[in-house]
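Only one structure is covered here, and it is reproduced in the block below.
All ligand and atom numbering here is 1-based and tracks the order in the structure.
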Amino acid sequence: MVIVGGGIMGMSLAHQIRRRSNLSVVVLEKGIGLGEGSTGGSSAITRQRYSRVENIRIARDGNRIWRNWSEYTGLPDPVGRFHDIGVLWMMDDDPAAVVRDCARLAAEGVDAVVIDADGVRERFPALSACMEPFDLTGEVEHVCRDGSAFLLERDAGYFDPTGALLDVRNAAVAGGADVRMRAEVVELRSGRGTITGVRLADGSEISAGLVVNAAGPWCNRINAMAGVDHGWELVPTRIQVIYRDLPPEVPRPLPVVGDASGGSYFRPEAGDGQIILGSILEEDEREEADPDDYNNAADRSWIDFKIHALHHRIPSLPYTGVPGGMASLYTVNRIDVLPVVGPTHVEGFALMNGFSGHGFKESQIVTSMMAQWITGERAAFDTDVPMEFLSIDRDPIAMGDLNVLA
Ligand SMILES: Cc1cc2nc3c(=O)[nH]c(=O)nc-3n(C[C@H](O)[C@H](O)[C@H](O)COP(=O)(O)OP(=O)(O)OC[C@H]3O[C@@H](n4cnc5c(N)ncnc54)[C@H](O)[C@@H]3O)c2cc1C
């Protein structure tokens, strides 16, 4: 089989196939290095609070893998590491709703607790527990008001995204997969309505019984080559992040924080010496027509806007140095914000597309579903969530939120 795209989805599928079968697997990646797509820009947060129980289970089962990374990859000394520093939800929700949400997570085996403002200060002394929406225009005087109920996922956090990508690539290659870089697929070969292989930019061809589209924000091009019209709206979407120095005088530990008052999330980065901050607001996403032509620098005005809310949440964070930023793409399914995964109506062609801001945490579980379907074999760490939940011919799923919080 051929996998088009060597991001976290494509490389992980190669590993998932080879750890359970001898099926020939070729991964074709157009980049000259790893992580040139969404995966390289990912914040790689592995929270489990979702509105749909299936998504909670996918994230929970994924965390089991991140926690046992060496055993799962078979690598004695993997590069990537799970930072299970906890995920704190500072959303100013109704306390009764927070308690209900916590019970929903606990029922699925997620280690979550509800804490109050003092609990936040005790565990994370750098954080303000204020939940008064921060007026970023500076026109309204801000008076702090403690929130009353915060949800803390204790067994979640983030993983090193490019470390994970390198590890699954190494695991796949060690398991016998053929991974080729600078290998851009420009055409799909077909005969009698069946996809039979691919043609590369250098003119070479590879035959395959199955071609899987794991091309991230470029997925629509590959689907068009296959003649697949699945009816879903998969849109390459620009999303920005900010980096700010996190000097030693800011008290540790810091968790991953979902912060409604700043419309953002943030977490420690770079060996705890930086903070990375991104947006949880749909208005900060921008649809892009061409994944090869977008502005990958963060907008100065957006950085200035968001950084003030971060300083309000972490009052001891000094205003020193110049915050940096960048923008990258993820692919949003505009119809129900869930990915589409599995076989298509075109024989010999399957896809894993449209992961929005969730694809990193879901990667090992989505590829577990795909590998079970492709090989008919089960392996340790497999999920029981059925692939039909994300299938192409499903009806749109009713979601709590139609945005990155979903
Ligand atoms: C800023 C940001 C923050 C995020 N934060 C989180 C988070 O906190 N938690 C989370 O779970 N997820 C997060 N995500 C989402 C997650 O990173 C993505 O959903 C995931 O990385 C998608 O992986 P992928 O393999 O499908 O795509 P990609 O990583 O884009 O990989 C696709 C690959 O296909 C290659 N390709 C494309 N066309 C061709 C072709 N014709 N021939 C050969 N190769 C081709 C590309 O070069 C690319 O490397 C975030 C994403 C971004 C951008």
Side-chain angles (χ1 to χ4, degrees), residues 2-14 26-48 50 55 58-59 62-63 66 87 156-159 161-162 164-165 168-169 179-188 198-201 211-225 234 236-242 256 258 265-267 269 276-280 284-285 291-292 294 296 298 325-333 339 341 351-367 404-406:
V2 160
I3 299 168
V4 184
I8 195 69
M9 290 293 164
M11 290 293 185
S12 303
L13 180 60
V26 183
V27 180
L28 300 172
E29 166 54 50
K30 70 179 171 61
I32 55 173
L34 293 176
E36 294 185 10
S38 303
T39 307
S42 187
S43 303
I45 292 164
T46 72
R47 52 98 172 192
Q48 300 151 107
Y50 276 97
N55 284 339
I58 289 171
N63 274 348
W66 305 123
V87 175
Y158 69 98
F159 204 92
T162 38
L165 184 54
V168 279
R169 180 245 172 232
V179 174
R180 304 185 194 175
M181 307 300 292
R182 296 181 195 239
E184 181 176 7
V185 171
V186 291
E187 197 181 311
L188 298 190
V198 299
R199 195 166 67 79
L200 302 182
V211 173
V212 177
N213 176 359
W218 296 266
C219 63
N220 293 329
R221 288 185 192 166
I222 309 297
N223 289 330
M225 290 177 199
L234 307 179
T237 301
R238 176 178 179 267
I239 188 82
Q240 309 175 77
V241 292
I242 301 172
V256 176
Y265 68 83
F266 60 87
R267 66 161 174 81
E269 166 71 352
I276 180 173
L277 177 146
S279 174
I280 55 173
D284 288 329
E285 294 180 333
D292 288 322
Y294 72 98
N296 63 7
M326 59 174 244
S328 26
L329 299 178
Y330 52 48
T331 318
V332 178
N333 178 353
V341 174
L351 49 74
M352 307 186 287
N353 300 152
F355 292 95
S356 179
H358 315 290
F360 181 85
K361 78 176 71 60
E362 294 178 344
S363 57
Q364 306 313 310
I365 297 310
V366 163
T367 54
V404 79
L405 293 181

Phe355 and Tyr330: CA distance, side-chain angles, deciding distance, side-chain contact (heavy atoms from CB on, under 4.5 Å) verdict = CA-CA 7 Å; Phe355 292 95; Tyr330 52 48; over 6 Å; no
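- For atom 12 (N) of ligand 1, the nearest protein heavy atom (residue, atom name, distance) is Gly357 O, 3.0 Å.
- Here the heavy atom of the protein found nearest to atom 41 (N) of ligand 1 is Val185 O, 3.0 Å.
- Ligand 1 places these atoms under 4.0 Å from at least one heavy atom of Gly37: 29 (O), 30 (O), 49 (O).
- Checked against a 3.5 angstrom limit, the closest N/O atoms of Ser43 and ligand 1 fall inside it.
- Within the 4.5 Å cutoff, side-chain heavy atoms of Pro236 are placed close to those of Asn220.
- Ligand 1 is never approached by Gly278 to a heavy-atom distance shorter than 4.0 Å.
- The parts of Phe360 lying near ligand 1 are both backbone and side chain, judged by heavy-atom distances below 4.0 Å.
- Of all protein heavy atoms, the one closest to atom 27 (O) of ligand 1 is Gly216 CA, 3.5 Å.
- Taking 4.5 Å as the limit, every side-chain heavy atom of Phe266 sits out of range of all side-chain heavy atoms of Ile276.
- Close approach of ligand 1 to Ile239 is summarised as follows: ligand atoms under 4.0 Å from at least one heavy atom of the residue are 1 (C), 53 (C).
- Taking a cut-off of under 4.0 Å to the non-hydrogen atoms of Phe355, the atoms of ligand 1 that pass are 19 (O).
- Taking a cut-off of under 4.0 Å to the non-hydrogen atoms of Gly7, the atoms of ligand 1 that pass are 25 (O), 29 (O), 31 (O), 33 (C).
- The backbone N or O of Gly35 lies less than 3.5 Å from no partner atom in the side chain of Thr39, so there is not a single donor-acceptor pair.
- Closest heavy-atom approach to atom 14 (N) of ligand 1 within the set Gly40, Ser42, Ser38: this belongs to Ser42.
- Scanning the protein for heavy atoms near atom 8 (O) of ligand 1, the closest one is Ile45 N, 2.9 Å.
- Counting the atoms of ligand 1 from 1 in the order shown, those under 4.0 Å from a heavy atom of Tyr330 are 50 (C), 51 (C), 52 (C), 53 (C).
- For ligand 1, the atoms lying closer than 4.0 Å to a non-hydrogen atom of Ile222 are 41 (N).
- A salt bridge is defined here as a Lys NZ or Arg NE, NH1 or NH2 lying under 4.0 Å from an Asp or Glu carboxylate O, and Asp292 with Arg221 meets this definition.
- Given atom 2 (C) of ligand 1, the protein heavy atom at minimum distance is Gly41 O, 3.5 Å.
- In this structure, the protein non-hydrogen atom closest to atom 26 (O) of ligand 1 is Met9 CG, 3.3 Å.
- Note that Lys361 lies outside the cation-pi zone of Trp66, set by a 6.0 Å cut-off to the ring centre and a 45° limit from the axis.
- Applying the 4.0 Å criterion to heavy atoms of Ser328 picks out, from ligand 1, the atoms 1 (C), 53 (C).
- For the pair Arg267 and Tyr158, the cation sits on the ring face: its NZ or CZ lies under 6.0 Å from the ring centre, inside 45° of the axis.
- The shortest N/O to N/O separation between Ile8 and ligand 1 falls below 3.5 Å.
- Residue Gly10 has no nitrogen or oxygen atom sitting less than 3.5 Å from a nitrogen or oxygen atom of ligand 1, judged on distance alone.
- Side chains of Met11 and Leu34 form a contact here, defined as non-hydrogen atoms less than 4.5 Å apart.
- Asn223 is listed as a side-chain neighbour of Asn213, based on a closest heavy-atom distance under 4.5 Å.
- For ligand 1, the atoms closer than 4.0 angstrom to any heavy atom of Ala183 are 42 (N), 43 (C).
- Below 3.5 Å of separation, one finds no N or O of Val241 facing any N or O of ligand 1.
- Residue Gly31 has no nitrogen or oxygen atom sitting less than 3.5 Å from a nitrogen or oxygen atom of ligand 1, judged on distance alone.
- Remark: among candidates Glu362, Met225, Glu29, the nearest residue to atom 49 (O) of ligand 1 is Glu29, based on non-hydrogen atoms.
- Every N/O-N/O distance between Trp218 and ligand 1 stays at or above 3.5 Å.
- The shortest N/O to N/O separation between Lys30 and ligand 1 falls below 3.5 Å.
- Contact of the Asn353 side chain with the Thr331 side chain is not registered, since no non-hydrogen atoms from C-beta on lie closer than 4.5 Å.
- Gln364 and Ser12 form a side-chain donor-acceptor contact under 3.5 Å, judged by distance and modelled atom types alone.
- Taken to the nearest 0.5 Å, the CD1 atom of Ile8 stands 11.5 Å off from the OG atom of Ser38.
- Annotation: Ser356 places an N or O atom under 3.5 Å from an N or O atom of ligand 1; distance criterion only.
- Between Arg182 and Glu184 no salt bridge is recorded (no basic side-chain N to carboxylate O distance below 4.0 Å).
- Residues His358 and Tyr50 have side chains that bring a donor and an acceptor to within less than 3.5 angstrom of each other.
- The shortest N or O to N or O distance between Lys361 and ligand 1 is under 3.5 Å.
- Judged by distance alone, with hydrogens and angles left aside, the side-chain atoms of Ser356 form no donor-acceptor pair with the main-chain N or O of Val332 at under 3.5 Å.
- Polar contact check, Val4 against ligand 1: no nitrogen or oxygen pair lies under 3.5 Å apart.
- With a 4.0 Å cut-off on non-hydrogen atoms, Thr39 touches ligand 1 through its backbone as well as its side chain.
- For the pair Asp284 and Ser279, the tightest heavy-atom approach, listed with the atom from each and the gap, is OD2-OG, 2.6 Å.
- Without hydrogens or angle criteria, Ser43 side chain to Ile45 main chain gives no donor-acceptor distance under 3.5 Å.
- In terms of protein heavy-atom proximity, atom 34 (O) of ligand 1 is closest to Gly5 CA, 3.2 Å.
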Quick one: do Arg47 and Val256 satisfy side-chain contact (heavy atoms from CB on, under 4.5 Å)? Show the steps, please.
-> CA-CA 9 Å; Arg47 52 98 172 192; Val256 176; over 6 Å; no
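- Residue Pro161 does not touch ligand 1, judged by heavy-atom distances below 4.0 Å.
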